[in-house]
2 protein chains.
Amino acid sequence: MRTAFYISDGTALTAEAFGHALLSMFPVEFQHKTLPFVDTQDKAEKVCRQIRQSLKENGEPPLIFHTFVNEKLKTKITNCGGISYDFLEQFKGSVEQELKVKAEPKTHRTHGVHKNYNFRVDAINYALDNDDGKRLNQLDEADIILVGVSRTGKTPTSLYLALQYGIKAANYPLTEDDDFEHLDLPKELKQQRHKLFGLTLNAQRLHEIRSQRRHGSQYASMQQCRFELQEVEKLYRREAIPFINSTHFSVEEIAAKILAKTNLQRRRY
Amino acid sequence: MRTAFYISDGTALTAEAFGHALLSMFPVEFQHKTLPFVDTQDKAEKVCRQIRQSLKENGEPPLIFHTFVNEKLKTKITNCGGISYDFLEQFKGSVEQELKVKAEPKTHRTHGVHKNYNFRVDAINYALDNDDGKRLNQLDEADIILVGVSRTGKTPTSLYLALQYGIKAANYPLTEDDDFEHLDLPKELKQQRHKLFGLTLNAQRLHEIRSQRRHGSQYASMQQCRFELQEVEKLYRREAIPFINSTHFSVEEIAAKILAKTNLQRRRY
């Protein structure tokens with residue numbers, strides 16, 4: 001199998017994003033290798049040997065997606081026998097022309113500690129403290145409050161919103177202990193109605209997820225899943241709570257859809 | 001202030017990664033606008049109006065970083081008066097030539113639900129269940145166990161490793177209740193010694209972080225912070241636990257450094 005390398009003198013997250021997006025257009029399997037913090041000539045020399053080794057083993061040159069700030073290290077890596085793709089270099093000139101400003105590449109600018117960094121750590125702590133309805137006395141601080149029945153993706157979505165965007169997301173479960181026949185919101189949530197956002201799933205998918213946790217239980221039964229989802233969707237409609245069905249979406253997609261629907265203020269760009 | 005748009009018929013996460021990395025090279029401030037799921041002609045028309053509006057207000061055309069799969073929508077967006085940067089298009093041809101395979105762009109390939117998706121959700125649940133030493137009976141499942149004194153970034157790092165890479169990270173606090181004079185690891189951790197990874201900080205930074213939580217406490221005092229960090233670093237050395245000082249690093253950088261140091265198997269590419 002051909003190899004794709006993602007190499008940088010920083011985290012290599014940008015090189016990965018570039019390379020993955022590009023390669024995802026091709027119906028070809030790759031062996032992926034990420035090599036972050038290649039920030040000395042010694043390390044670059046070792047990487048060079050890996051590239052040559054890969055060429056030797058595969059008979060085909062590996063693809064190299066890289067985002068070096070240090071020009072000497074870049075030159076070293078691009079001369080080891082791989083096929084190089086340098087996204088930043090490719091576009092730098094045209095952005096310089098457009099902005100009439102010279103580029104000043106520095107390491108750690110993209111994924112380093114910025115002025116907005118504390119927001120994200122605060123948001124993560126907030127999501128953890130306000131996970132699963134643990135507290136109801138901090139909801140005035142929330143940017144958004146996710147609601148839904150058990151196992152519809154509230155927790156991962158809350159954490160992703162915090163990590164990726166610095167958004168403070170609480171989440172509140174409409175649990176199996178509730179009286180689903182007369183489902184209602186606690187008054188603390190009603191006071192924050194404008195912040196509520198509902199998640200839902202197809203019953204079959206919820207049944208599968210719950211069965212992994214408690215196989216054969218009433219909680220995981222198709223009947224129970226179907227009933228809870230039906231009642232919760234009625235509640236969303238009655239209370240005019242926006243919601244999405246996340247059955248076919250990843251956490252990234254759910255979060256992006258929530259942002260698109262709510263015009264939430266992101267604390268990080 | 002000039003505007004940078006990140007637009008896609010998908011999550012726009014790739015467009016953001018492209019645009020942010022490129023613009024981070026320039027000492028210029030932008031107003032950033034991300035517009036995901038622009039997947040109908042109607043939505044594209046609305047976006048077009050936003051682009052024209054921005055041009056009118058600023059007197060300068062906005063920069064448009066986009067990653068459309070749908071060619072008609074792309075054509076629409078690139079003809080509204082902004083300056084377009086199309087990273088995928090730029091490199092598609094040369095990768096096609098190299099691979100001798102035609103590109104087959106599809107939406108939701110980069111950030112959709114893949115075969116590896118469940119790994120990530122499992123890893124997030126694992127990180128939550130095994131946060132802060134909550135359990136010691138699931139450590140054989142861990143890919144890595146982060147250790148450190150209170151407030152050194154163990155929890156955000158564990159969550160990021162799970163979300164970004166699908167790595168199962170437990171974390172265990174060496175707490176202020178411990179007898180730091182005779183600091184030792186519990187036997188459950190000793191059995192998993194090869195998985196341990198230490199975090200540490202500069203005392204001044206730890207003092208600041210702890211002071212935000214409990215201002216003026218013994219716990220937050222410089223003396224206590226200095227003492228705990230000194231003892232914990234002794235422990236790391238004595239037990240040959242690899243560790244990093246994360247004072248100047250973001251959670252992305254800490255995670256990438258851990259991967260670089262440990263050769264951990266990532267479950268997601």
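Quick note on labels: first sequence line is chain A, next is B, and so on, each numbered from 1.
In this structure, no portion of B:Asp132 lies under 4.5 Å from any heavy atom of chain A. With a 4.5 Å cut-off on non-hydrogen atoms, B:Ser94 touches chain A through its backbone and its side chain both. If you measure heavy-atom distances from B:Lys92 to chain A, the contacts under 4.5 Å come from both the backbone and the side chain. Of the two parts of A:Leu63, only the side chain, counted from C-beta on, holds a non-hydrogen atom closer than 4.5 Å to a non-hydrogen atom of chain B.
Here the OG-CG distance, from B:Ser24 to A:Leu88, works out to 7.5 Å after rounding to the nearest 0.5 Å. Atom CZ in B:Phe18 sits 7.0 Å away from atom CG in A:Leu22 (nearest 0.5 Å).
Across every non-hydrogen atom of B:Thr14 and A:Ala17, the tightest pair is CG2-O, 4.4 Å. Contact record, A:Arg213 with B:Asp129: NH2-OD2, 3.9 Å, taken as the closest heavy-atom pair. Minimum heavy-atom separation, A:Val251 to B:Arg120: CG1-NH2, 3.7 Å. The heavy-atom pair separating B:Phe37 from A:Lys257 by the smallest distance is CE1-CG, 3.2 Å. Of all heavy-atom pairs spanning A:Phe26 and B:Glu96, the tightest one is CE2-CG, 3.5 Å. Closest non-hydrogen pair, B:Asn125 versus A:Arg151, comes out as ND2-NH1, 3.5 Å.
Side-chain atoms of A:Phe30 and B:Leu99, non-hydrogen and from C-beta on, do get closer than 4.5 Å to each other. Counting only heavy atoms from C-beta outward, the side chains of B:Pro27 and A:Val101 approach each other to under 4.5 Å. Within the 4.5 Å cutoff, side-chain heavy atoms of A:Gln90 are placed close to those of B:Gln90. Contact annotation: the side chain of A:Gln164 approaches that of B:Leu13 to within less than 4.5 Å [non-hydrogen atoms, C-beta and beyond].
The most heavy-atom pairs under 4.5 Å with chain A, out of B:Leu259, B:Leu128, B:Leu35, come from B:Leu128. In terms of heavy-atom pairs under 4.5 angstrom with chain A, the leader among B:Val95, B:Ile83, B:Asp131, B:Thr155 is B:Val95. By number of non-hydrogen pairs under 4.5 angstrom with chain B, the leading residue of A:Ala4, A:Gly19, A:Ala103 is A:Ala103.
Counting non-hydrogen atoms of neighbouring residues, nucleotides and ligands closer than 6.0 angstrom, the NZ atom of B:Lys46 reaches no more than 12 such neighbours.
By the 4.0 Å N-to-carboxylate-O rule, B:Glu98 lies close enough to A:Arg2 to be salt-bridged with it.
Ring pair B:Phe87/A:Phe91: centre-to-centre distance below 6.0 Å.
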